[in-house]
Student: 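Below is a structure I'd like to ask you about.
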Amino acid sequence: MIKEITTRPFDDQKPGTSGLRKKVPVFQQPSYVENFIQSIFDSIEGRAGQTLIIGGDGRFFNREVVQTAIKMATANGFGRLLVGRGGLLSTPAASNLIRKSGAIGGLILSASHNPGGPKEDFGIKFNAANGGPAPERITDAIFRRSREISAYRICETDDVDLETTGHLTLGETAIEIVDPVADYAELMESLFDFDAIRAMVEGGFRMVFDAMHAVTGPYAREIFENRLGAPAGTVLNGEPLADFGGHHPDPNLVHARDLYELMMGPDAPDFGAASDGDGDRNLIIGKGIYVAPSDSLAVLAANAHLAPAYRGGLKGIARSMPTSAAADRVAERLAIPSFETPTGWKYFGNLLDADMATICGEESAGTGSNHVREKDGIWAVLLWLNILAARRESVRAVVEGHWAEYGRNYYARHDYEGLETAVAERLVGGLRERLSSLPGTRVGPYAVTAADDFAYKDPVDGSLSEHQGIRILFEGGSRIVFRLSGTGTTGATLRVYLERYEADRARIGLETGDALSELVAAADELAAIKALTGRDRPSVVT
Ligand code: G1P
Ligand code: ZN
């Protein structure tokens with residue numbers, strides 16, 4: 001039975017870099033979830049009779065919100081719902097389902113790489129009909145709606161059985177509980193040379209994939225173990241858990257430490273990889289060599305033609321502004337355009353839709369292509385495997401060969417987490433005020449050539465996004481970027497992105513920390529990080 005329930009607006013439902021993210025207790029407030037979902041639905045024009053995809057990364061509160069979403073979608077006139085079995089869908093798999101089924105959009109329940117549990121993080125994101133995160137125009141409309149909402153619509157009925165695939169109907173709405181893995185695995189098989197990868201695996205190539213107790217476990221088992229023949233046990237931590245086993249499902253050198261140690265050890269396999277809570281990020285480590293995400297993007301772009309889907313070449317390469325310029329050098333060599341967009345996958349959507357870019361990436365371990373409209377962890381792993389199978393070389397040989405050919409963009413990101421918001425804003429505000437006076441000055445050994453507050457004009461729809469991060473560019477291609485995170489749930493996180501370009505082949509083998517030490521000092525000199533925050537070192541270095 002459809003009911004209209006009166007409600008009062010919350011004033012904090014502003015979607016950030018990637019949907020609305022809050023602590024679970026915030027989402028558990030009466031009608032908090034309902035208000036936000038109704039605000040999303042109210043912002044989707046022409047939703048009557050349309051298809052909607054629903055699924056999430058399996059974290060604590062996922063199932064409850066999936067049930068609420070189903071009951072509300074039914075009451076809001078959607079014609080068909082495709083829901084991942086168990087309420088599960090990885091973010092890239094949801095993007096694929098939206099595109100494949102011709103849906104008007106999808107609700108993806110995830111807080112990505114943030115921890116899960118009763119006191120941890122939850123999130124709701126709306127993806128549009130192209131399969132990508134809703135553009136700002138829509139997220140602004142959702143936020144506006146959330147501030148004036150007075151009622152939501154819900155079908156009062158028993159919970160739906162999410163555990164069995166099959167068809168059911170609720171009121172006028174057809175509901176399908178779908179296998180979350182099947183369509184995605186089929187898509188991957190259509191993009192890559194599975195025979196070549198299988199032959200490499202049969203020939204003794206050893207790999208491990210750490211699913212971090214998050215959503216990719218079932219995907220990875222099906223693809224790496226069942227379809228590509230890797231032995232059982234290749235997938236580590238393959239059971240999705242509501243609290244990710246108490247860890248952060250963030251595939252970086254801090255949270256995937258065990259994998260890193262394994263890959264640096266004496267009996268390391270040839271290839272190690274991991275993905276995050278919702279399956280859109282990737283970590284790539286070769287035997288004895290960590291591949292920085294910015295380098296990974298460049299290597300993937302330079303070698304993509306070795307995989308069947310990209311044999312015809314790339315149309316363009318896009319990277320988020322803080323991502324290193326290594327990919328730009330590849331684009332230049334391939335004589336294709338490169339794009340520099342604000343942080344967040346939503347800015348790649350238009351470029352992909354317009355076929356102006358084929359491969360996109362971010363320094364935060366996100367890489368993807370035009371096969372969906374999200375970054376895609378397993379896709380990145382498979383493209384790496386395809387390249388290794390085609391080149392018959394190790395990860396180290398491929399990466400070092402790339403540096404020798406293009407020069408190396410040493411890169412690191414320093415995060416200062418949990419700062420007081422006012423302090424973080426003062427730091428960035430102070431830099432912003434001094435931007436025009438910086439060019440022509442020196443900071444340590446570095447001569448500033450340009451400094452700005454990054455703004456992006458979308459070449460497809462002309463929309464302008466401002467205040468996307470402070471860029472300080474130095475002579476010779478080095479730079480520092482300062483930005484505040486848009487995904488955190490407590491206080492503010494300052495991100496400092498450090499990049500040094502080294503063209504001299506004799507100096508491309510340094511340790512990243514050594515290569516960047518002068519830039520680290522320059523960042524502190526520019527922004528007075530220690531003095532303003534009282535921190536003498538970052539909380540996380542990636
Ligand atoms: C972070 C990353 C960004 C990524 C986003 C969602 O956003 O920096 O590249 O797109 O998570 O995964 P931030 O917290 O910096 O706003
Ligand atoms: Zn994610």
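First listed ligand is number 1; within each ligand, the first listed atom is number 1. All values derive from a computational prediction rather than experimental measurement. Any value given below was found using the heavy atoms of this structure, including those in side chains, with hydrogens, waters and symmetry copies removed.
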Student: Under 4.0 Å between a side-chain nitrogen and a carboxylate oxygen: does that hold for D278 and R59?
Tutor: no
Student: Evaluate the side-chain contact (heavy atoms from CB on, under 4.5 Å) criterion for residues R99 and R373: first the C-alpha distance (whole Å), next the side-chain angles of each, then the deciding distance (0.1 Å), finally the verdict.
Tutor: CA-CA 9 Å; R99 296 166 65 78; R373 292 296 180 271; 3.3 Å; yes
Student: Of all the heavy atoms in S320, does at least one lie under 4.0 Å from an atom in ligand 1?
Tutor: no
Student: Among the N, O or S atoms of D278, which one sits nearest to the Zn ion (ligand 2)?
Tutor: OD1
Student: Identify the closest protein heavy atom to atom 11 (O) of ligand 1: which residue and atom is it, and at what distance?
Tutor: R281 NH2, 3.1 Å
Student: Is W345 close to D280 at the side-chain level, that is, under 4.5 Å between some pair of heavy atoms?
Tutor: no
Student: Within a reach of under 6.0 Å around NZ of K315, are more than 12 heavy atoms found that belong to other residues, nucleotides or ligands?
Tutor: no
Student: If we ignore hydrogens and angles and just use 3.5 Å, is the side chain of D415 paired with the main-chain N or O of E417 as donor and acceptor?
Tutor: no
Student: Which ligand 1 atoms are under 4.0 Å away from a heavy-atom of R483?
Tutor: 13 (P), 15 (O), 16 (O)
Student: With under 30° as parallel and over 60° as perpendicular, where do the rings of W384 and F271 fit, or are they tilted in between?
Tutor: tilted
Student: Which of the numbered atoms in ligand 1 are under 4.0 angstrom from any heavy atom belonging to G344?
Tutor: 10 (O)
Student: Can a non-hydrogen atom of K346 be found less than 4.0 Å from any atom of ligand 1?
Tutor: no
Student: With heavy-atom distances below 4.0 Å as the criterion, list the atoms of ligand 1 near G486.
Tutor: 13 (P), 14 (O), 16 (O)
Student: Checking a contact table here: which protein heavy atom is nearest atom 9 (O) of ligand 1, and how many Å away?
Tutor: S364 OG, 2.6 Å
Student: Which atoms of ligand 1 are found less than 4.0 Å from any heavy atom of R495?
Tutor: 8 (O), 13 (P), 14 (O), 15 (O)
Student: Knowing that exactly one of D57, V235, I378 qualifies, which makes a side-chain contact (heavy atoms from CB on, under 4.5 Å) with T216?
Tutor: I378
Student: Is the charged tip of R483 near the ring of F454: under 6.0 Å from the six-membered ring centre and within 45° of its axis?
Tutor: no
Student: Around atom 10 (O) of ligand 1, find the nearest protein heavy atom and jot down its residue, atom name and distance.
Tutor: E362 OE1, 2.6 Å
Student: Could you check whether any side-chain N or O of Y32 sits under 3.5 Å from a backbone N or O of Q13, counting only pairs where one atom can act as donor and the other as acceptor?
Tutor: no
Student: Return the option from N114, T487, D415, D250 holding the heavy atom at the smallest distance from atom 7 (O) of ligand 1.
Tutor: T487
Student: For ligand 1, which part of S485 has a heavy atom less than 4.0 Å away: the side chain, the backbone, both, or neither?
Tutor: both
Student: Which heavy atom of the protein is the closest neighbour of atom 12 (O) of ligand 1, given with residue, atom name and distance?
Tutor: K375 NZ, 2.8 Å
Student: What protein heavy atom lies closest to atom 8 (O) of ligand 1? Include the residue and the distance to one decimal.
Tutor: R413 NH1, 3.6 Å
Student: Taking the Zn ion (ligand 2) as the reference point, name the nearest N/O/S atom of D276.
Tutor: OD2
Student: Counting backbone and side-chain atoms alike, is an N, O or S atom of S112 positioned under 2.8 Å from the Zn ion (ligand 2)?
Tutor: yes
Student: For ligand 1, is any non-hydrogen atom under 4.0 Å from T343's backbone (N, CA, C, O), its side chain (CB onward), both, or neither?
Tutor: side chain
Student: Looking only at N, O or S atoms, find the one in D280 nearest to the Zn ion (ligand 2) and name it.
Tutor: OD1
Student: Does R257 have more than 12 heavy atoms from other residues, nucleotides or ligands lying within 6.0 Å of its CZ?
Tutor: yes
Student: Tell me if the CD atom of E189 is crowded by more than 12 foreign heavy atoms within 6.0 Å.
Tutor: yes
